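A short worksheet on the structure shown next.
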Amino acid sequence: MPSVSMTVNDKQVSGEVEGRTLLVQFLREHLGLTGTHVGCDTSQCGACTVHVNGRAMKSCSLLALHLDGADVQTIEGLADGDTLHPMQEAFREHHALQCGFCTPGMVMSAIGIVNDNPDLDEKTIRHQLEGNICRCTGYHNIVEAIGAAAEDMKG
Amino acid sequence: MYDFNYQRASSIEDAASKHAAADDARYLAGGMTMVPVLKQRLDQPSDVVDLGGLGDLTGISEDGGAIVIGAMTTHHDVATSDLVKSKIPALADLAGTIGDPMVRNRGTIGGSLANNDPAASYPAAVLGLGATIRTNKRSIEADDFFTGMFDTALEEGELITAVSFPVPEQAGYKHFPNPASRFPIVGAFVAKTGGGVRVGITGASPCAYRQSSFEDALSGGLDPESLKGIEVSSDGMNSDIHASAEYRAHLVNVMARRAIGG
Ligand SMILES: Cc1cc2nc3c(=O)[nH]c(=O)nc-3n(C[C@H](O)[C@H](O)[C@H](O)COP(=O)(O)OP(=O)(O)OC[C@H]3O[C@@H](n4cnc5c(N)ncnc54)[C@H](O)[C@@H]3O)c2cc1C
Ligand code: FES
Ligand code: FES
């Protein structure tokens, strides 16, 4: 079987995979990083969002071998010990999750949105969240949390 | 998904020879179409040749009166390019409407054109601007490239390397997004180019096309009023749960007018 190496949450990792092994399978099944969720498996819901070389992508639609040598960040890599990332803290503070299934993907997308848009308004947040589906919250508190985190991340 | 033999190309020549040597190979660019297609077993190639290592297929430059975009350039990079935004803002706008941020961060212009989905966004701009598709073998004019639903003039193993978009005097793009997938139900790209007015339409029909009746009507200038009342026939147009053929035909006129400020 071909082998693949990449950096995941600042650690060098490698493994044997098939051509068809998805990045999300590599993360969850080979590395045990089950924070990244599979909601739809059809590129629609964004639950599987991770950062690849600093950009948000859907890990259910990427082959592991495709990413040989890449730098991958998942939800597990965000907190610094017991200190949550400002985006995680804002989700907690603003009650931006109910069942929590979409949350890892939401948080990873949200950080991408803040990084890409220096002046975030509510309309932009809602528009940029197009690739993330939440069945519980109605989005309102998610949008509030991202707006609040954007302020925290500036400071 | 069935397994396949994954190969990574180290150069354009290497990609072409790996493709030729395999039983039944496909190129892999961003994988935003290819991976879902493999999962659904709509296609079962023996080999997948990854173009991800070909840095010379990525990037945007100015060449004479044209903007040249490498095949592996992502939709995000086109949408946010200062060069594209200053020379052909409508093209940057179009790239910024594709899918969602995660799709734009990964999907490429070459993959989108090779795939020629009836609802793909870029074909409207390629036709509207009279772009040229450059491959590892030749150059193909926009008017000859899109040959049918999911079909193009590309031959077996032919690799898109770049797309050259002539800078227009004026251009605009508007689409009516499918509320679920965000693909255009109908998209219209209208441009005043050195070679006259061109109107590229996507989403409405099995394959993107030029609306020549609009091009004639706009030849005196891009005034949306000139399009009022021009009927578009719904014959042969796409019809599905999202929009009937008649509704799509109606949207062609509305989107073209909106593209030029109407
Ligand atoms: C949720 C979602 C929403 C989307 N919304 C839109 C939208 O609104 N508008 C839109 O236009 N698209 C949309 N797309 C499709 C997206 O733009 C894809 O990125 C694009 O169609 C394919 O590009 P890719 O780089 O991912 O190609 P891949 O999926 O890797 O390849 C697609 C096809 O092109 C071939 N190919 C790739 N590169 C080359 C090349 N250089 N030369 C020859 N053949 C090549 C492959 O063999 C394959 O057959 C959406 C996709 C998703 C998942
Ligand atoms: S699981 Fe990847 S987009 Fe839904
Ligand atoms: S919190 Fe349940 S899906 Fe979003």
Side-chain angles (χ1 to χ4, degrees), chain A residues 1-4 6 16-25 38 40-70 105-106 108-118 124-133, chain B residues 1-10 22 25-53 55 58 72 74-77 79-80 96-108 111 177-183:
Chain A
M1 257 196 279
S3 64
V4 64
M6 61 183 85
E16 308 257 292
V17 294
E18 291 182 298
R20 62 180 165 178
T21 305
L22 301 170
L23 175 63
V24 70
Q25 286 173 306
V38 179
C40 64
D41 203 20
T42 57
S43 328
Q44 308 296 318
C45 76
C48 64
T49 303
V50 300
H51 290 191
V52 175
N53 299 330
R55 307 224 46 95
M57 295 184 193
K58 294 174 179 175
S59 62
C60 76
S61 308
L62 301 171
L63 303 178
L65 285 169
H66 211 153
L67 299 183
D68 197 46
M106 282 287 178
M108 297 312 286
S109 280
I111 293 171
I113 294 170
V114 173
N115 290 342
D116 274 357
N117 298 277
T124 310
I125 298 174
R126 287 186 184 275
H127 185 62
Q128 295 291 316
L129 272 182
E130 251 167 14
N132 293 83
I133 294 173
Chain B
M1 172 179 8
Y2 290 113
D3 202 14
F4 46 79
N5 181 33
Y6 171 94
Q7 307 196 53
R8 182 175 264 250
S10 58
R26 300 288 178 279
Y27 292 124
L28 178 67
M32 289 296 100
T33 297
M34 194 65 194
V35 174
V37 160
L38 292 169
K39 282 185 186 178
Q40 292 172 63
R41 300 179 177 178
L42 294 171
D43 194 11
Q44 294 173 24
S46 65
D47 288 69
V48 166
V49 179
D50 188 356
L51 308 177
T58 309
M72 289 294 286
T74 62
H75 310 326
H76 170 82
D77 285 349
T80 57
T97 66
I98 296 177
D100 55 53
M102 289 83 90
V103 170
R104 293 195 289 276
N105 284 337
R106 189 77 200 172
T108 68
N178 177 319
S181 76
R182 316 313 291 175
F183 270 92

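A, B, ... follow the sequence lines: proteins, then strands. Residue 1 opens every chain. Everything numeric here is computed off the predicted structure, so don't read it as measured data.
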Can you tell me which portion of [X] sits under 4.5 Å from chain B's heavy atoms? Options are side chain, backbone, both or neither.
X	value
A:Asp116	side chain
A:Ser61	both
A:Leu22	side chain
A:Ser109	side chain

(request) Take B:Lys39 and A:Cys60 through the test side-chain contact (heavy atoms from CB on, under 4.5 Å) and record every step on the way to the result. (result) CA-CA 10 Å; B:Lys39 282 185 186 178; A:Cys60 76; 3.8 Å; yes

(request) Using non-hydrogen atoms and a 4.5 Å limit, figure out which bit of B:Asp3 sits close to chain A: side chain, backbone, both or neither. (result) both

(request) Give a yes or no on whether a salt bridge exists between A:Asp68 and B:Arg8, defined as a side-chain N under 4.0 angstrom from a carboxylate O. (result) no

(request) Output the distance between atom CE (B:Met102) and atom NE2 (A:His51), rounded to the nearest 0.5 Å. (result) 9.0 Å

(message) Working to the nearest 0.5 angstrom, can you tell me the gap between A:Glu130 CD and B:Arg104 CZ?
(response)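 That separation rounds to 7.0 Å.
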
Do [X] and [Y] come within less than 4.5 Å of each other through their side chains, counting heavy atoms only?
X	Y	value
A:Leu63	B:Val35	yes
B:Met32	A:Ser43	no
B:Thr74	A:Arg55	no

(request) Applying side chain to side chain donor-acceptor pair (under 3.5 Å) between B:Asp100 and each of A:His127, A:Gln128, A:Lys58, report the one that passes. (result)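 Of all the options given, the one that passes is A:Lys58.
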
(request) Return yes if some donor-acceptor pair links the side-chain N/O of A:Arg20 with the main-chain N/O of B:Phe4 below 3.5 Å, else return no. (result)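 No, because the side chain of A:Arg20 does not come within donor-acceptor range (under 3.5 Å) of the backbone of B:Phe4.
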
(message) For A:Thr42 and B:Gln40: C-alpha separation, side-chain torsions, deciding distance, then whether side-chain contact (heavy atoms from CB on, under 4.5 Å) applies.
(response) CA-CA 9 Å; A:Thr42 57; B:Gln40 292 172 63; 5.7 Å; no

